[in-house]
Q: 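Sharing a structure, written as structure tokens. Questions coming.
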Amino acid sequence: MSANKVWNECLQFIRENVPDEIFAAWFRPIKPVSLNGNVLTIEVPTNLYYEWIETHYIDLLRTALVKQLGKHAQLKYLVRMTNNPASRHKHLEYPGTMKPKVDTNNYAPPQSKDFKNPFVIPGVQKMRIDSQLNPNYTLENFVEGPNNRLAVNAGKAITKHWGNTSFNPLFIYGGVGLGKTHLANAIGIEVKRLHPDKNVLYVSTEKFTQQYTSSVVNKTRDDFIHFYQMIDVLIVDDVQFLAGKTGVQKIFFQIFNHLHQNKKQLIFTSDKAPVDMRDVEVRLLSRFKWGLAAELKAPDYETRKKIIRYKLEHDGVRMDDEVVDYIAHHVKSNVREIEGILNSMIAQAAFNHRKLDLNLAREIVANFVRNSKPIYTCDTIQRIVAEYFGLDVAALQSRSRRREVVQARQISMYLSKKYTDSSLDQIGTRIGKRNHATVIYALKTVRDLMDVDKHFRKTVLELENMLTGL
Ligand code: ADP
Ligand code: MG
């Protein structure tokens, strides 16, 4: 075998696995130089090539090479130093086949100084990224109904009439478990199916926030921004968590503007409509309203039946109509709950030899309803607590150290922990921009006081009863 032949085989394989423009810009200029046993030496035009390939395509290259030369295959680079005629060639050894995979999800900051930004190399606009989409959340698996039709059709329109809809951003909002994450993912998957050359990225707001924070710490903020600026379809889940985070909002705004100006598609989900979002910069909120805000509502009875039938069919399980009707009739608030009930029933049938009949459905539904905690938001809880104590919500959120205010604030935190899905950080942010240590302290204080102070205990229990409706 000759170096030429081996390299040509590798190129074939690489070509099938990278976008055309990447192939043309980065791989075609490479020249095979020599083959020495299992060591292939290739010549690349500049140092930049070597580093770019090492950073982004080493896995692919390794696979290609191992196919040709076996698992001990090695690669050596010869970098032509055109700017230094005295030493025309410089050898750089390939650093072994076990280099860790680049995690595109963490927008890999470049490794070396003279390799600041791989994403704005002239002539190359694209590199392929891992979309982080959940392959199970497809449109085929999403049952349509009057409750979600607008959002579904808007999503389909975006994928079919690429760049020609005014649904940008598409802002999908609605309560817990109504399919926001599923639908946003499904749109991303559909884009990739119809437009394989588009870079789609799904990211939760929390992950985005973490990435931003660590980019500030690591001084790679620019790389962070550049990474996001090269996305064609950016899906950001649960943007309500941007609330109160001014630094992240600024970056988000900047990325939004860049993508929007370049006619890239933005898809956001949130538990609230843009008009109801608090602690988010006005200019960002106004951007959210530019496109289409589509609400996901709770499914109606017929749609609930369809969802149940669909899930059963998917799991290959048979269930009588009367049982399906019973579940659809009793479980109204969200789809996640419907799934939970079906799963419990199927588990009972599988492990305890129960029949999937009305009796089992009754038992499990009753159990579910008893155990499911009401879903509140920190905002609702603050309002209820403030009203109870005859205070303003603004007072709860203020810096006031008045005993009565402090207690009401701490009780709000305690109830938020118990009756919402919010994290400690989120609770702190919502209740007067406190940090999570303050929240931990509040929870402990409330518990301790409930132990020693009967009157205080009664107050908290009364408030809890108001929430649970007992
Ligand atoms: P959200 O993000 O709004 O809280 P999810 O997208 O996580 O809700 O949905 C919760 C669960 O319900 C998921 O397992 C999802 O697949 C399912 N689900 C929601 N809506 C539908 C639907 N219309 N058809 C099928 N499954 C659905
Ligand atoms: Mg979700």
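All ligand and atom numbering here is 1-based and tracks the order in the structure. Throughout, numbering of the chain's residues begins at 1 and tracks the sequence.
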Q: Taking the six-membered ring of Tyr326 (Phe, Tyr or Trp), confirm whether the NZ or CZ of Arg362 is under 6.0 Å from its centre and within 45° of its axis.
A: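 Yes; both conditions hold, so Arg362 lies above the ring face of Tyr326.
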Q: Okay, side chain of Ser398, backbone of Ser400: is any donor-acceptor separation there less than 3.5 Å?
A: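 Yes; judged by distance alone, with no hydrogens or angles, the pair exists.
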Q: Which residue supplies the protein heavy atom nearest to atom 7 (O) of ligand 1, what is that atom called, and how far is it?
A: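 Ranked first by proximity to atom 7 (O) of ligand 1 is Arg336 NH2, 3.0 Å.
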Q: Determine, using heavy atoms of Tyr137 and all atoms of ligand 1, whether some pair is separated by less than 4.0 Å.
A: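 It does, in that a heavy atom of Tyr137 comes within the 4.0 Å cut-off of ligand 1.
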Q: Of all heavy-atom pairs between Asp232 and Lys198, which one has the smallest distance, and what is that distance?
A: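 Closest approach of Asp232 to Lys198, heavy atoms only: OD2-CA, 3.3 Å.
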Q: Starting from atom 24 (N) of ligand 1, locate the nearest protein heavy atom and write down its residue, its atom name and how far away it is, to 0.1 Å.
A: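 Heavy-atom neighbour on the protein nearest atom 24 (N) of ligand 1: Val143 N, 2.9 Å.
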Q: Select one of side chain, backbone, both or neither to describe which atoms of Glu339 lie under 4.0 Å from any atom of ligand 1, heavy atoms only.
A: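 The side chain, only.
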Q: For atom 8 (O) of ligand 1, state which one of Gly179, Gly145, Gly175 supplies the nearest heavy atom.
A: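 Considering heavy atoms of Gly179, Gly145, Gly175, the nearest to atom 8 (O) of ligand 1 sits in Gly179.
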Q: Check whether any N or O atom of Gly177, backbone or side chain, sits under 3.5 Å from an N or O atom of ligand 1, and answer yes or no.
A: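 Among all N and O atoms of Gly177, at least one is under 3.5 Å from an N or O of ligand 1.
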Q: Among protein heavy atoms, which sits nearest to atom 18 (N) of ligand 1, and what does the distance come to when rounded to 0.1 Å?
A: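 Checking every protein heavy atom, the shortest distance to atom 18 (N) of ligand 1 gives Val335 CG1, 3.2 Å.
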Q: For the pair Gln240 (side chain) and Asp271 (backbone), establish whether a donor and an acceptor sit closer than 3.5 Å, ignoring hydrogens and angles.
A: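 Looks like yes, one N/O pair under 3.5 Å.
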Q: Between Asp320 (side chain only) and Val323 (backbone N and O only), is there a donor and an acceptor less than 3.5 Å apart?
A: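 Answer holds: no.
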Q: How far is atom 16 (O) of ligand 1 from its nearest protein heavy atom, and which residue and atom is that?
A: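 Protein heavy atom with the smallest distance to atom 16 (O) of ligand 1: His182 ND1, 2.6 Å.
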Q: Below 2.8 Å, can you find an N, O or S atom of Thr181 next to the Mg ion (ligand 2)?
A: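 Here the distance criterion (N, O or S atom, under 2.8 Å) is met by Thr181, so yes.
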Q: Check each heavy atom of Asn148 against ligand 1 and say whether those closer than 4.0 Å belong to the side chain, the backbone, both or neither.
A: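 The answer is the side chain.
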Q: Tell me which protein heavy atom sits closest to atom 25 (C) of ligand 1, plus the residue, atom name and distance to 0.1 Å.
A: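 Going atom by atom, the protein heavy atom closest to atom 25 (C) of ligand 1 ends up being Asn141 O, 3.3 Å.
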Q: Is a donor on one side and an acceptor on the other found under 3.5 Å between the side chain of Asp392 and the backbone of Ala395?
A: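 Such a contact is absent between Asp392 side chain and Ala395 backbone.
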Q: Consider every N or O of Phe142 and every N or O of ligand 1, then say whether any pair is closer than 3.5 Å.
A: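 Between Phe142 and ligand 1, no N or O pair is found under 3.5 Å apart.
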Q: Validate the cation-pi geometry between Arg283 and Phe253: distance from NZ or CZ to the six-membered ring centre under 6.0 Å, angle to the ring axis within 45°.
A: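 Yes, cation above the ring, under 6.0 Å and within 45°.
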